[in-house]
Number of protein chains: 2
Amino acid sequence: MTETKKYRGRPKTLNKNHVVEIAMQAYWHEGPTEVSMNSLCQRAGVSKPSLYREFGNEDGLACAALENYVQSVMAKVIEKLKGDGSFADKIGRLVFIATEGTRHENGCLFVKMRATKLSLGVKTQSMIAETENMALEAYTQFLDEAKENRDWSGTFPVTLGAQYLHAQIGLAMAQRARGEDPTAVLKLALSIFE
Amino acid sequence: MTETKKYRGRPKTLNKNHVVEIAMQAYWHEGPTEVSMNSLCQRAGVSKPSLYREFGNEDGLACAALENYVQSVMAKVIEKLKGDGSFADKIGRLVFIATEGTRHENGCLFVKMRATKLSLGVKTQSMIAETENMALEAYTQFLDEAKENRDWSGTFPVTLGAQYLHAQIGLAMAQRARGEDPTAVLKLALSIFE
DNA sequence: AACATTAAATACCGAGTGGTACGAAATGAC
DNA sequence: GTCATTTCGTACCACTCGGTATTTAATGTT
């Protein structure tokens, strides 16, 4: 009966998605430790109390930015592992994404945050651990499927293969973030799956 | 004739080596971005102006700390690649050092600094690049020798192999710094040399 | 019109940063 | 002793950080 109560008070003008997107881009391109709340407020054209009302603290914003990254960038990559195509094709696509994917010019936000996790808040650290598990599960499923289809000989355990894939993709992302070209090393590393 | 002039003025009490050693340990164990000049002064029992007189600025101290690390830790590791022993033995020793070496409980200062090089000064960044080249040269020499001795088949170029070795060792160090056990992944990665 | 409610932004806080001005202290030279 | 020289450390600087107290603005309710 009192449904109109929801719309009382001054209408909010802060666009949460917009702020998160800007924060994600900033953390992504400049590194999580290089972006302050102050500068983020300026870029987003938002006052500081508005930011803190919406996200609680820096940890909350960083966490939201990472979550946005996982859902808008990583999820799409991982989804490709489940689609059609041969094992070799998918490995090739993985290499392509990790080395030339248009949206990865500066590495991977997840990898960058993981590298500096000591200086991040507890919520963000939990999110990093969660994302890590999600990725490992996806790789595990990918290899399980490949083994079942006889696409991959499976000369070593699937769990190790998943860890290995995760580590090598992460390495390539870290190299990209440093301005190096990870292609040759990554291809060599993934040649063990042939 | 005026050689005694050297000893005029108040005698200096600051022990440069001691300070560098403390700085190196601090950067190493807590991460370069987590250690301030203020806290370093306290730990070393030295006044701030003394530090700045000796090292110029933070960049100078970080650079000196990295240089000390390279000469006191990395050099010894690299030296082992040149000693006696079979190729397989040396690879095994490399794995051992990267995964269980007693002095590497917290990863590698070089890898940590490289991971956060954006927030370091120009001198330190140059030192990082220099160290990178030194390591690559050592790996190249190592592989060249192995190829000559028919210890390694050499199914791919030596330069790529050196990059690969450097990248995989660095990956293992980064994993250690995160608290993970890099052993299985590293052994798998280096199995391509068999 | 008066009020409750919600969000806005200014202006501030304490703490910590990298870095320095400056006077005191310790020595050799004269 | 007096002086020049060199190093010492206290006390300070301007600045940035994450975070907030407080006032003002904008709405629905009555």
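Small disclaimer: the values here were computed from a predicted structure and weren't measured. Residue numbers start from 1 in every chain, and the chains themselves are labelled A, B, ... in the order their sequence lines are given, proteins ahead of strands.
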Could you point out which residue of Y139(A), F142(A), W152(A) forms a ring pair (Phe, Tyr, Trp, His ring centres under 6.0 Å) with F193(A)? W152(A)
Take a 6.0 Å sphere around NZ of K187(A) and say whether it holds more than 12 heavy atoms from other residues, nucleotides or ligands. no
Could you tell me how far apart F55(A) (CZ) and dG19(D) (C1') are, to the nearest whole angstrom? 16 Å
Starting at the 5' end of DNA chain C and moving along, which residue's nearest nucleotide shows up first, R10(B) or K12(A)? K12(A)
Nearest to the side chain of R8(A), heavy atoms from C-beta on, is which of dC8(D), dA7(C), dT29(D)? dT29(D)
Rounded to the nearest Å, what distance is computed from the NZ atom of residue K48(B) to the P atom of nucleotide dG18(C)? 7 Å
Output yes when at least one side-chain N/O atom of S50(B) is less than 4.0 Å from OP1 or OP2 of dC8(D), else no. yes
From CG of N15(B) across to C1' of dT7(D) the rounded distance in Å is 15 Å
Using atom CG of L40(B) as one end and atom C1' of dG9(D) as the other, report the distance to the nearest whole Å. 17 Å
Interatomic distance, L51(A) CG vs dT20(D) P [rounded to whole Å]: 13 Å
Would you say a side-chain N or O of S47(A) is under 4.0 Å from OP1 or OP2 of dA8(C)? no
Can you tell me how far the CD atom of Q42(A) sits from the CD1 atom of I22(A), to the nearest 0.5 Å? 12.0 Å
List the steps and the verdict of side-chain contact (heavy atoms from CB on, under 4.5 Å) for H18(A) and E21(A). CA-CA 5 Å; H18(A) 181 232; E21(A) 190 70 24; 5.5 Å; no
Expected output is a numbered-order residue list: members of residues 58-68 of chain B with a heavy atom under 4.0 Å from any atom of DNA chain C. What is it? E58(B)
Could you state the atom-to-atom distance from CG of N38(A) to C1' of dT10(C) in whole Å? 14 Å
Round to the nearest Å and state the distance from R53(B) atom CZ to dT10(D) atom P. 13 Å
Under-4.0 Å side-chain N/O to phosphate OP1/OP2 contact, T13(B) with dT7(D): no
Assign each of Y52(B) and P49(A) the nucleotide of DNA chain C bearing its closest heavy atom; nearer the 5' end lies the nucleotide of P49(A)
Any donor-acceptor pair under 3.5 Å linking the side chain of S72(A) with the backbone of N68(A)? yes
Length of the line joining E54(B):CD and dT20(C):C1', which is rounded to integer Å: 17 Å
Check this for me: D84(B), atom CG, are more than 12 non-hydrogen atoms of other residues, nucleotides or ligands nearer than 6.0 Å? no
Quick one: does any side-chain atom of N57(A) pair with a main-chain N or O of D59(A) as donor and acceptor, under 3.5 Å? yes
